[in-house]
Protein chains: 2
Amino acid sequence: MSSTPRSPAGRAPDMADVAALAGVSKQTVSRALSNHPNVTARTRAKVEEAVAQLGYRRNAAASMLSSGRSRTIGVVSMPTLNYSSAVISYGMERAARTAGYAVSMATTTSLSPEAIAEAMSRLAEQAVEGIVLVVPLLVGSDATEEISRRIPTVTIDGSRSASTQVVAVDQATVGRVATEHLLSLGHETVWHLAGPGEWVEAGERESGWRAALEAAGRDAPPILRGDWSPESGYQAGLLLARMPEVTAIFASSDEMAFGVIRALHEHGRRVPDDVSVIGVDDIALAAYCSPALTTVAQPFEEIGRLAVGHLIEVIADPDSTPEQTTVDATLIVRGSTAPPA
Amino acid sequence: MSSTPRSPAGRAPDMADVAALAGVSKQTVSRALSNHPNVTARTRAKVEEAVAQLGYRRNAAASMLSSGRSRTIGVVSMPTLNYSSAVISYGMERAARTAGYAVSMATTTSLSPEAIAEAMSRLAEQAVEGIVLVVPLLVGSDATEEISRRIPTVTIDGSRSASTQVVAVDQATVGRVATEHLLSLGHETVWHLAGPGEWVEAGERESGWRAALEAAGRDAPPILRGDWSPESGYQAGLLLARMPEVTAIFASSDEMAFGVIRALHEHGRRVPDDVSVIGVDDIALAAYCSPALTTVAQPFEEIGRLAVGHLIEVIADPDSTPEQTTVDATLIVRGSTAPPA
DNA sequence: ACACAGATTGTTACCGATCTCAACAACTCG
DNA sequence: CGAGTTGTTGAGATCGGTAACAATCTGTGT
């Protein structure tokens, strides 16, 4: 009746202890606990009762060792506090949990293949059964290739390589949609504040932007580049504010967009009256800062879910064909964009 | 020279394989790899060479099983995408990594003791050596108590219980500092938009606010309550905007503060001219949205670091005395607060 | 040169589950 | 009613490391 009656001594109870108490063999206990079909309801009940009575918890290490399965997936992400990875991680954790997997995280401070390989390697040591890279892996090094050949790997918005699957928003479309929105409002052209060069999505959004301008027969102004942070947006904004011909700006993230807007305001250029600004991500604050930000939303949580889903599929059947999955982004028009004055 | 010369067959290389190649015993390999002091430099070099050549990676499960140590700590957090937990997690991961620990995460959607116990239990099953609760645990249930008695547990901003340590910002001081700032500007009183009741920090900030008002001999206006989200701040703001006597508002989070500000603006009340608003957290956007937000910053990364530090200390010496650590918050004055009109 | 302390390496048992395979029971069907 | 089939349970080997202890190899002091 006591709440935690350990078996013999202070030692944590063993499968053997459970077996003894239930009057069956270790093996039967194992089967009962792993929902093996061929176990009598009666036997199963006895085992469960013994488990409850002893407060038994399966030893993950032993289970892992003998079965070779860790029921754990690893996540490599940037420690950046950015909205997208946080939401993606959440989606992954949920999906993993419902599929009976635990999640282990490894962060990397650099996007160099070596740093990423190092993070993957840490996860490999923990015997994860699959890895999700929430960082862009532009080029696969030997090291990353080696690990992802051995451990199923899914990249989010990365580039496709032989041994990794990709789940992604079509970022070129994101760039195109954002740009077309501004053009359709009547702006002559659209300036672009891109994300860092190492990020795949940054490059693709840039391509989309360029393609949209080209399709409309407009010249692409010189590009600006930030690091996703509001501060970098602010710096870029200081430049843009000086050029009267700038009436429309497509920033590759909401945070940069707000930085840009602030710089514009400080220099007397009103948004959206004088300049229209659009971002990407639809962070929680996008609708509540002033002006409310027009942006392109991405279904981050679903992306996380999909990534884990794929991973589990490949874990179950290592020969299944790696495929590329694309999910759609949505334009959300708010107050930061308007027709030119 | 090939990049992945597995030993005998396609099987992953074994410690025995390494030992054979290096011409030493398994045990020596083990020692060399765990940085045991008594290993000749020469031997260590041979082992390392063999490891590199075979692409050997230690099997965590086996190691864990025989040593009884998982070198993993678990984190329980809310899936909320809030800035603070993201930064705290980052600090933890870094600290854990440098200490040679991996991090495993478990999220909980509810703050009920049962839900938290369930998350802790998932971590316990993974044999984590310690747990950090980034969720507030107001009351410890039997289940949480049982686990935290067995596994060292640190709570961030939680309430102190027999078996958990606490790392916290003194949230009452946060509330007091924010309130005093507004009073010192000359506001008659300060309204408060608190966080959800289940959160310890919400309650403590409220106390600090109340205490500051009392110390200044002012009446505490009725309290409003949000859920940390910008939307909830907006809703509260709709109420506050209707009351002309409101000139100063202390919101318990930056995101709520921006929601409040938006509602005020929409109803023609200017910030800070008509109403001053202060938040808590100093999120990245605080300085870049308009108006720039006056706020109280908390050293989240350090909190994460400290939590893990404590945990590792207790893991190393289970008898060390649980102590409460407090770190300081900083008032950051920006444009959203000003003397009353 | 000898005994001895300390450093280095090897031997063996074991951690706690799962897998394989064999034994046994119950049930079907001609 | 016996042979064959399916379902249930048990025994023992095994996964890949590490702890404890034994063995061997230094180098030192007398």
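By convention in this document, chain letters (A, B, ...) are assigned in the order of the sequence lines, proteins followed by strands, and residues within each chain are numbered from 1.
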Handout entry: Distance, rounded to the nearest Å, where A:R57 contributes CZ and C:dG16 contributes P
Key = 15 Å
Practice task
Whole angstrom is fine here: how far is it from CE in A:M15 over to P in C:dC15?
Solution key: 16 Å
Fill in the blank from the handout: The side-chain contact (heavy atoms from CB on, under 4.5 Å) partners of A:A115 (sequence neighbours excluded) come to A:T108, A:S110, A:S112
Under 3.5 Å, N/O pairs linking protein and nucleotides 8-11 of chain D:
{"unit_1": "D:dT8", "atom_1": "OP2", "unit_2": "A:N38", "atom_2": "OD1", "d": "3.0"}
{"unit_1": "D:dT8", "atom_1": "O3'", "unit_2": "A:T40", "atom_2": "OG1", "d": "3.0"}
{"unit_1": "D:dT9", "atom_1": "OP1", "unit_2": "A:T40", "atom_2": "OG1", "d": "2.9"}
{"unit_1": "D:dT9", "atom_1": "OP1", "unit_2": "A:T43", "atom_2": "OG1", "d": "2.4"}
{"unit_1": "D:dT9", "atom_1": "OP2", "unit_2": "A:T40", "atom_2": "N", "d": "3.3"}
{"unit_1": "D:dG10", "atom_1": "OP2", "unit_2": "A:S25", "atom_2": "N", "d": "2.8"}
{"unit_1": "D:dG10", "atom_1": "OP2", "unit_2": "A:S25", "atom_2": "OG", "d": "3.0"}
{"unit_1": "D:dG10", "atom_1": "OP2", "unit_2": "A:T28", "atom_2": "OG1", "d": "2.5"}
{"unit_1": "D:dG10", "atom_1": "N7", "unit_2": "A:R31", "atom_2": "NH2", "d": "2.8"}
{"unit_1": "D:dG10", "atom_1": "O6", "unit_2": "A:R31", "atom_2": "NH1", "d": "3.4"}

Practice task
Please name all residues satisfying side-chain contact (heavy atoms from CB on, under 4.5 Å) with A:A61, sequence neighbours left out, ordered by chain then number.
Solution key: A:N59, B:M64, B:L65
Handout entry: Contact list for DNA chain D against residues 58-72 of chain A - heavy-atom distance below 4.0 Å
Key = A:L65, A:S66
Completion exercise
Residues at least two apart in sequence or cross-chain that pass side chain to side chain donor-acceptor pair (under 3.5 Å) with A:T28, listed by chain then number, are A:S25
Exercise for the section: Starting from P on D:dG7, measure out to CZ on A:R44 and report it in whole angstrom. Expected result: 15 Å
For residues 35-42 of chain B, which side-chain N or O atoms pair as donor and acceptor with protein atoms under 3.5 Å away, sequence neighbours left out?
{"unit_1": "B:T40", "atom_1": "OG1", "unit_2": "B:T43", "atom_2": "OG1", "d": "3.4"}

Practice task
Might you confirm whether atom CZ of B:R57 has over 12 heavy atoms from other residues, nucleotides or ligands at distances under 6.0 Å?
Solution key: yes
Problem - With sequence neighbours excluded, residues passing side chain to side chain donor-acceptor pair (under 3.5 Å) with A:T326 - result: none
Practice task
Name all residues meeting the side chain to side chain donor-acceptor pair (under 3.5 Å) criterion together with A:E129; count only those two or more places apart in sequence or in a different chain, and write none if there are none.
Solution key: A:R69, A:Y101
Exercise for the section: Return no unless some side-chain N or O of A:Y56 is found under 4.0 Å from OP1 or OP2 of C:dG16. Expected result: no
Practice task
Apply side chain to side chain donor-acceptor pair (under 3.5 Å) to B:S34 and list each qualifying residue two or more places apart in sequence or on a separate chain.
Solution key: none
